[in-house]
Amino acid sequence: MAQYADKKKAAAGAQDALAARIALVRNIGIVAHIDAGKTTTTERILFYAGDSHSIGNVDDGNTVTDWMDQERERGITITSAAITCSWRGHQINIIDTPGHVDFTIEVERSLRVLDGAVCVFCAVGGVQPQSETVWRQADRHGVPRLVFVNKMDRMGADFEKCVGEIREKLGATPALMALPVGAADSFRGTIDLVDMKFLEYSESDSGSTVSASEIPADLLETAAAARAEMVELVAGDDEELIGEYLENPEIPAERLRPAIRRATMAGRIVPVFCGSSLKNKGVQPLIDGVVDYLPSPADRGAVSGTDAKTGERRGRSFDDQHLTALVFKIATDAFVGRLFFIRVYSGVLKKGQNVYNPRTKKRERILKLVRLHADKQTEIEELGPGEIGAAVGLKGATTGDTLCAEIQPIVLESITAPEPVMFMAIEPKSRADRDKLDASLAALASEDPTCVVRQDADSGQTILSGMGELHLGILVDRLRREFHVAANTGKPMVSYYETVTAPGAGKAVFDREIAGKRLFAGVAVEVGPRKRGEGISLEAGNGCRELPEELAQAVEAGLADGVSTGVLARYPMMDLEARVTGVEVGEPESASPIAFRSAAVMAFREAAMAAKPELLEPIMRLVISTPSEFVGEVIGDVNARRGQVRDMEERGDLKVVSAEVPLAELFGYSTAIRSLSRGRASYTMEPGEFAVVPRAVREQLLNR
């Protein structure tokens, strides 16, 4: 009995130790619109945390997280980089994500595995289009956020306006943790509204020394009012603080911080900090905010998945001993080969361990585990709950796969990638390069779910699809530099899709003699439309339950063939459902996978043609900032490009025009907008949705 009690006590002690360790972990992402200062902010965090001994700058091409040649040449982040640092005894795992719309999948899969995020906003630009996109992505994954209003040193910086746009455009409830002291050239520090101190940052040691002093008298009233508003927001719905607040609104800092943390994790407020990363001001309070207000893996609760044996929903908490981990990214390293980025939710992933992949139903072996530091790795023996690292040695895994214990298999929610909007033909420069090109393209596609490679059924060409001209350009550049493959490429073109707009049914019989043997199969199919963005649903099970598994799989493959080749112009199809309603079998010897696959394709196409098929084109959300004297020309040009103006607002001395324009009409737009505005207008765009093409455009596409 005493022995049992000792074991129970030891187990409880181990659980307490695990909980205490995980409470000191923060998995965060740095997300924002392009050029808002994400990478610069990350560099300062690493410097102040002692993880790097010098501050890197984007313009100098020496940042830690922008390590790719393409990133340093262009001054933009292309791939999300993971890095680990320490602050106040806490382990902070940071993922610096891209801001350019062409690489939105990097943000999506990072937010999928993170517990919190820091959203960086430009104090001049405010809430910009990609800011809204990443905010919606964080909403979808339920990720608590902090806001850092950056670039307070820039001319035109407006902290209050930026906070107002967060409230109005994003529907969030910002709670000010800091106030800027001055703006533009006069920006000299921040006011900490929790401790009510004026913080100044020394220039002699790159802002490492932070001096706290009393708030200047001329700012005290403003700071007191801002703190009172923040405390009211925090205490309003907090059961632990509301009674104390009603008795005395002057809540002390030590009581306020836990309440801010609870409100942040519940999504009721978004704490707002401010500063200038480039000028080394305001970053340390932000890191304190990450530790004080963002959740640990334990705070996020159990991860939800599907039991691979029963199909039932189940949760896995951090203290569950069975392994549960998610592969959220794949990268190719020149020295170790393929790196599989992994977030562990429960159990322990060890070097040399066998893991089970429910998707492939196979075991795989972890040959090596590494801790990530951008493009560098430190080999480790294990990854525990809440940790992020990378594995070497997996063969069949892909982005979104779950790794788990075979005795208790679970499938976590996968990672969905947006449909590509642009494509180009690509071919090797010599016959000797063909196999090398195919292998290199397969490697790129396995790394990047938005990179899609297919063979054109009519021309036999290899088609490379992606999220935009920049994305395709980076992929081709990587083929040349990393994989040493020389290739010829065609002109980038718009990726059109097909869909159906009504229910339809079709039936086909395949009855032919091939090589002296009669092959027979009959398949009936029904198709129908789905809401835009819901994707494809193929159901062959009920209609094929009388068939052997091999023939049922052939029918499913036929449906997939029909979806991938379309019925109008051989474009892939999207947003439809198809199900097999019946099959017809002849003599036993005439049943063949080839016959059933062919019959399924023919039946699907007949059903799709009866379901009023239409062509879809990608529509881009375009935001143009222009001096007011050029607004007329800009709007006229948008209308001429089949676009629709959705909104127009003033931002300082500029007019900001929001419009939706078909991607096909935006080739060469950067030159056109410069010409219209004498070089004074700028624009950003991001994918919106797919829409049915007008009748005249449809005829052009079908007849070209």
Side-chain angles (χ1 to χ4, degrees), residues 20 23-24 26 87-90 116 118-119 144-149 152 159-164 166-168 170-182 188-201 210-275 281-296 298-301:
L24 299 178
R26 300 289 183 273
W87 186 259
R88 285 171 38 197
H90 289 68
V118 174
C119 296
R145 277 144 279 177
L146 305 182
V147 162
F148 183 62
V149 179
M152 284 304 306
F159 179 71
E160 290 184 6
K161 184 173 182 181
C162 185
V163 172
I166 292 170
R167 185 182 295 109
E168 295 162 12
L170 304 178
T173 304
L176 302 188
M177 301 292 115
L179 286 178
V181 178
R188 58 195 178 95
T190 60
I191 294 175
D192 182 344
L193 294 179
V194 176
D195 288 317
M196 287 299 278
K197 294 291 183 181
F198 171 44
L199 305 180
E200 291 183 279
Y201 306 86
V210 183
S211 301
S213 60
E214 296 302 314
I215 299 172
D218 59 327
L219 296 173
L220 191 55
E221 185 179 345
T222 302
R227 188 183 198 273
E229 183 179 345
M230 179 265 288
V231 172
E232 183 180 356
L233 274 175
V234 173
D237 292 322
D238 192 282
E239 294 181 0
E240 297 185 33
L241 201 65
I242 186 65
E244 185 177 339
Y245 171 75
L246 292 175
E247 289 182 10
N248 180 15
E250 295 298 323
I251 305 294
E254 61 271 16
R255 292 284 296 147
L256 189 56
R257 284 194 179 91
I260 295 172
R261 178 180 175 83
R262 289 191 293 270
T264 302
M265 291 193 298
R268 291 192 288 107
I269 66 166
V270 180
V272 178
F273 298 82
C274 63
K281 295 176 181 177
V283 177
Q284 291 94 326
L286 174 66
I287 317 176
D288 284 332
V290 168
V291 168
D292 291 335
Y293 308 135
L294 289 182
S296 72
D299 294 321
R300 292 281 281 163

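Keep in mind that what you see is a predicted model, and the values were worked out from it rather than measured.
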Checklist entry - Quick one: salt bridge (charged side-chain N to carboxylate O under 4.0 Å, His left out) pairs with a partner in residues 239-252, sequence neighbours left out? => result E240-R262, E244-R255

Item to check | Steps toward side chain to side chain contact (heavy atoms under 4.5 Å, CB included) verdict (V147, I166) | outcome: CA-CA 9 Å; V147 162; I166 292 170; 3.7 Å; yes

Checklist outcome for this item: Minimal heavy-atom distance between P144 and R300, with the atoms involved, is CD-NH1, 3.5 Å

Next on the checklist: Give me the atom names and distance for the closest heavy-atom approach of M265 to Y293.
Outcome noted: CG-O, 4.0 Å

Next on the checklist: Show the nearest heavy-atom pair for residues P285 and Y201, with the distance to one decimal.
Outcome noted: CG-OH, 3.3 Å

Item to check | Non-hydrogen side-chain atoms of M177 and I260 separated by less than 4.5 Å | outcome: yes

Item to check | Heavy-atom closest pair, residues H90 and A23 | outcome: CD2-O, 4.0 Å

Checklist entry - Do M196 and I215 have side-chain heavy atoms sitting under 4.5 Å apart? => result yes

Next on the checklist: Let's go through V149 and E160 carefully: what are the C-alpha distance in whole Å and the side-chain angles of both, what is the deciding distance for side chain to side chain contact (heavy atoms under 4.5 Å, CB included) to 0.1 Å, and is it a yes or a no?
Outcome noted: CA-CA 10 Å; V149 179; E160 290 184 6; over 6 Å; no

Checklist entry - Out of curiosity, Q284 CD to T190 OG1, how far, rounded to the nearest 0.5 Å? => result 9.0 Å

Item to check | Euclidean distance, W87 CH2 relative to L286 CG, rounded to 0.5 Å | outcome: 10.0 Å

Checklist entry - What heavy-atom pair brings I242 and A235 nearest, and what distance separates the two atoms? => result CD1-O, 3.4 Å

Checklist entry - Does any non-hydrogen side-chain atom of S213 lie less than 4.5 Å from one of K197? => result no

Checklist outcome for this item: Heavy-atom closest pair (F159 atom, P180 atom, distance to 0.1 Å) is CD2-CD, 3.5 Å

Pair up each side-chain donor or acceptor in residues 224-231 with any protein partner under 3.5 Å, not counting sequence neighbours, and list the distances.
from: R227; atom 1: NE; to: L193; atom 2: O; distance (Å): 2.8
from: R227; atom 1: NH1; to: I251; atom 2: O; distance (Å): 3.2
from: R227; atom 1: NH2; to: V194; atom 2: O; distance (Å): 3.0
from: R227; atom 1: NH2; to: I251; atom 2: O; distance (Å): 3.0

Item to check | Separation of C274 SG from L179 CG (nearest 0.5 Å) | outcome: 7.0 Å

Checklist entry - Rounded to the nearest 0.5 Å, how far apart are CZ of F273 and CD1 of I287? => result 11.0 Å

Checklist entry - How far apart are the C-alpha atoms of D292 and R88, what are their side-chain angles, what is the distance that settles it, and do they pass the salt bridge (Lys or Arg N to Asp or Glu O under 4.0 Å) test? => result CA-CA 10 Å; D292 291 335; R88 285 171 38 197; 2.7 Å; yes

Item to check | Side chain proximity check, T264 to I269, heavy atoms < 4.5 angstrom | outcome: yes

Item to check | Between CG on residue D238 and CG on residue L256, distance to nearest 0.5 Å | outcome: 9.5 Å

Item to check | L219 side, atom CG; I191 side, atom CD1 - distance, nearest 0.5 Å | outcome: 4.5 Å

Next on the checklist: Under the rule for salt bridge (charged side-chain N to carboxylate O under 4.0 Å, His left out), what residues qualify as partners of R261, not counting sequence neighbours?
Outcome noted: D299

